[in-house]
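Computed from a predicted model, the values in this text were never measured in an experiment. First the proteins, then the strands, lettered A, B, ... as listed; each starts at 1.
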2 protein chains.
Amino acid sequence: MSAGPLPTIHEVARLAGVSVATVSKTLNRSGKVSELLQERVNAAARKLGYAPHASARSLRSGATRILGLLVADLANPYFLKLVESIERLSSAAGYSVILCNSAEDPEREERHLAMLLSQRADGAIVIPTRRGWSGRQAALANLPMPGILVDRRIEGLDLDSVTTDNLALGRLAAEHLDDLGHRRIAVIMGSPEHQIARHRLDGLRSGLAARGITLDERLIEKDNFSEAAGHAAAMRLLRGAQRPTAIFATNNHLSLGLLRAIAESGLTIPDDLSIIAVDEPPWAGLVRPGMTVVTQPFEAIAQTTISTLLSRISEGRAGVEDEARSIQLQPALVVRGSTAAIRT
Amino acid sequence: MSAGPLPTIHEVARLAGVSVATVSKTLNRSGKVSELLQERVNAAARKLGYAPHASARSLRSGATRILGLLVADLANPYFLKLVESIERLSSAAGYSVILCNSAEDPEREERHLAMLLSQRADGAIVIPTRRGWSGRQAALANLPMPGILVDRRIEGLDLDSVTTDNLALGRLAAEHLDDLGHRRIAVIMGSPEHQIARHRLDGLRSGLAARGITLDERLIEKDNFSEAAGHAAAMRLLRGAQRPTAIFATNNHLSLGLLRAIAESGLTIPDDLSIIAVDEPPWAGLVRPGMTVVTQPFEAIAQTTISTLLSRISEGRAGVEDEARSIQLQPALVVRGSTAAIRT
DNA sequence: CTTCAGTAGAAAAACGATTAACTAAGGTAA
DNA sequence: TTACCTTAGTTAATCGTTTTTCTACTGAAG
């Protein structure tokens, strides 16, 4: 609230008694400028509080040093962790992040993508919505800047992606539950149309199958990914004729619903029921005696995402038509008290 | 991944057979252009997939349609809700949001502020870190663009701000606890150097005083705002000689620590202890039988913030030196099962 | 003494939009 | 008919950088 118009490079040049070219070269450490003039320029810039005009610079240089981060669901703590890490890494690499939340709405996703295009972001990091609009494939494939999908892949789309190995994730859960002797295992899987949910379920199923156990299909709860759906599914399972001895919830919203249902029903973990969830939401510490989870390596995912994207950006039009990289990172099992051997 | 360089306004003009000025006027609905030419221009733009170059536009017009959002702590669910709302409202108003997380680190705050300056954001929304760096007051006061503080105010700084009335918040808690007959009331307040914490405590104290009750100063736990600190403080209170009948935790991290301590100690809410917290974190539903809280009106805060900021932006250099607005919004008490009348 | 290389710095041309100033054409009024 | 408005378009200046090209100067070699 105050201060007149900002100084331009011309005023710095005038104060330092040099040309604008010299100022530019000094400030960007490009080209040759004598020590003496460098000092004069820096002093002048400091004195005036000069801050280069990013738009002018981008217009001329063609790079904005802006990354677009388009997230499907900011309310999911796992995505939030990704956002935090990505923001930190981008900032450290000298990039600013334009944050967009599509809130699982394809229309908002589309509008945001168009905006990022207008802004000429140097790259786009996209956690896509579960259901796309009609032209999404094309819109993403024809993105004029490097783009990368995170967490969720889109089938048949030739774009870099970094995801968790969700089959392995399901298998980890399977092996752990089998080790504890569980046989009546339920899954709250979310929407069966969603690839991630299917993979986690398939991983569980195949992990169990490898141990000679068949997953009871009647104990697979399918609906959407909301907390309410998780709660309702859990209630059905807990009240069902044959209550499962273990429940696997495949996402944060679902597991929160599950935990709420358990709290309401007065059951004791892990005596009455073992539960295993995905990721570590902030509230994991509230579950006594600790929550067993399969975690996704969010920090590694963020790092891989940024480094892949930045290298694509620096390749520029050079390393053209190098085909898309699909990177899968491994989840890890963290055993705590919410799972236990079944009573015999 | 593909697609050559993007079309410019010149190519649209050439395809439509008109001048660039006509294209610009058509696309911006400024100036007079005949129906016929408008259609030709729009068709050409659509055909080429033209997207105006934001940097070029900003350079010429002086406005970037970018807002900076500098948040002190992305991990706090309350701030996250603010971020979500602000992003949604900004986007609806045609502004993009550059998200910066200072993570309570003054250095990062400073760097981000400098970056927003370089980007020439049209406005800055700042949730400042708790402790500033030496030149912060000046840096914020001399911000060349409109700025607004959210949630936390900085004393002696002439800048618009939108905050919760934290004295009222404390008073709401006081009145509720008094209504239930509580006398041994503890507070996990966080750092006493932090204005918000002091206000909430003062509100509680004065609210109780108005009912003729004196707050026992020995039951005020002071430390920092981390979950660990909340947990430790709760442990001290629960193990103390005279266990309080009610605990007031003044922030999300602290209340999570408190809940964890209660879970570990095996106490029953609200029979053994009443608790009242601030805001509704996602995990509030896990507390049986529901968590009594004083909530901050985050949606109203976001709306007020955006509308105030946008009006400052449109005032421009016109409404100069209109003095800073300090807007306080009212919290609300939401009574659930975690507070109950004390047993007599 | 002349010529040539090498170097530090300046001048000027972009980048892609907006917009003020201008022009041509058509319509009115005197 | 002439002078004058209006209207619809065009031309060209401009925003603040980066970067290519150009100039002037220095010192060395012939």
Side-chain angles (χ1 to χ4, degrees), chain A residues 4-42 44-45 48-66 115 117-122 144 316, chain B residues 4-42 44-45 48-66 115 117-122 144-145 316-317:
Chain A
L6 293 170
T8 73
I9 200 174
H10 287 93
E11 327 200 33
V12 177
R14 190 148 43 83
L15 181 59
V18 298
S19 75
V20 295
T22 303
V23 177
S24 178
K25 283 178 187 163
T26 303
L27 266 30
N28 298 312
R29 293 168 180 60
S30 63
K32 312 234 167 256
V33 180
S34 67
E35 282 288 330
L36 175 69
L37 285 198
Q38 289 207 28
E39 276 170 32
R40 293 226 312 258
V41 167
N42 287 326
L48 292 176
Y50 172 72
H53 193 302
S55 295
R57 185 197 294 246
S58 311
L59 178 57
R60 172 63 221 222
S61 70
T64 53
R65 298 200 80 77
I66 285 180
M115 181 271 291
L117 201 163
S118 247
Q119 293 290 350
R120 298 297 193 273
D122 288 342
Chain B
L6 294 170
T8 72
I9 199 173
H10 288 93
E11 327 201 32
V12 177
R14 189 148 43 84
L15 181 59
V18 299
S19 73
V20 294
T22 303
V23 177
S24 178
K25 283 176 186 165
T26 302
L27 266 30
N28 298 310
R29 293 167 180 63
S30 62
K32 313 231 167 260
V33 181
S34 67
E35 284 288 330
L36 175 68
L37 287 197
Q38 288 206 29
E39 276 169 33
R40 292 228 311 261
V41 167
N42 287 326
L48 293 175
Y50 171 71
H53 192 303
S55 295
R57 185 199 292 249
S58 310
L59 178 57
R60 171 63 222 222
S61 70
T64 53
R65 297 200 79 79
I66 285 181
M115 180 273 290
L117 200 163
S118 248
Q119 293 290 349
R120 299 294 194 275
D122 287 343
M145 71 281 252
R317 303 270 98 237

* Polar side chain donor-acceptor pair, S19(B) to T22(B), under 3.5 angstrom ->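 Yes, a side-chain donor-acceptor pair sits under 3.5 Å.
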So how far is it from [X] [atom1] to [Y] [atom2], rounded to the nearest 0.5 Å?
| X | Y | atom1 | atom2 | result |
| --- | --- | --- | --- | --- |
| K32(B) | Q38(B) | NZ | CD | 10.5 Å |
| R65(A) | Q119(B) | CZ | CD | 10.5 Å |
| H53(A) | L117(B) | NE2 | CG | 10.5 Å |
| L59(B) | R120(B) | CG | CZ | 10.5 Å |
| I9(A) | R14(A) | CD1 | CZ | 13.5 Å |

What integer distance in Å separates [X]:[atom1] from [N]:[atom2]?
| X | N | atom1 | atom2 | answer |
| --- | --- | --- | --- | --- |
| R40(B) | dA8(D) | CZ | P | 15 Å |
| R29(A) | dT19(D) | CZ | P | 15 Å |
| R14(B) | dT10(D) | CZ | P | 15 Å |
| K32(A) | dG9(C) | NZ | C1' | 13 Å |
| E11(A) | dT17(D) | CD | P | 9 Å |
| L27(A) | dT19(D) | CG | P | 13 Å |

* Would you mind reading off the bend of the helix from dC1(C)-dG30(D) to dA30(C)-dT1(D) from its two end axes, five pairs each, to 10 degrees? => 70°
* Take nucleotides 14-27 of chain C nucleotide by nucleotide from the 5' end and write B, S or -, depending on whether a protein heavy atom sits under 4.0 Å from the base, only from the sugar-phosphate, or from neither. => BBBBBB--------
* Structure fact -> Partner of L48(B) under side chain to side chain contact (heavy atoms under 4.5 Å, CB included), picked from V12(B), T8(B), L6(B), is V12(B)
* Does the side chain of S58(B) get closer than 4.0 angstrom to OP1 or OP2 of dC15(D) through an N or O atom? ->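 For dC15(D), neither OP1 nor OP2 has a side-chain N or O of S58(B) closer than 4.0 Å.
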* Asked: Taking it one step at a time, do S24(A) and N28(A) satisfy side-chain contact (heavy atoms from CB on, under 4.5 Å)?
  -> CA-CA 6 Å; S24(A) 178; N28(A) 298 312; 3.3 Å; yes
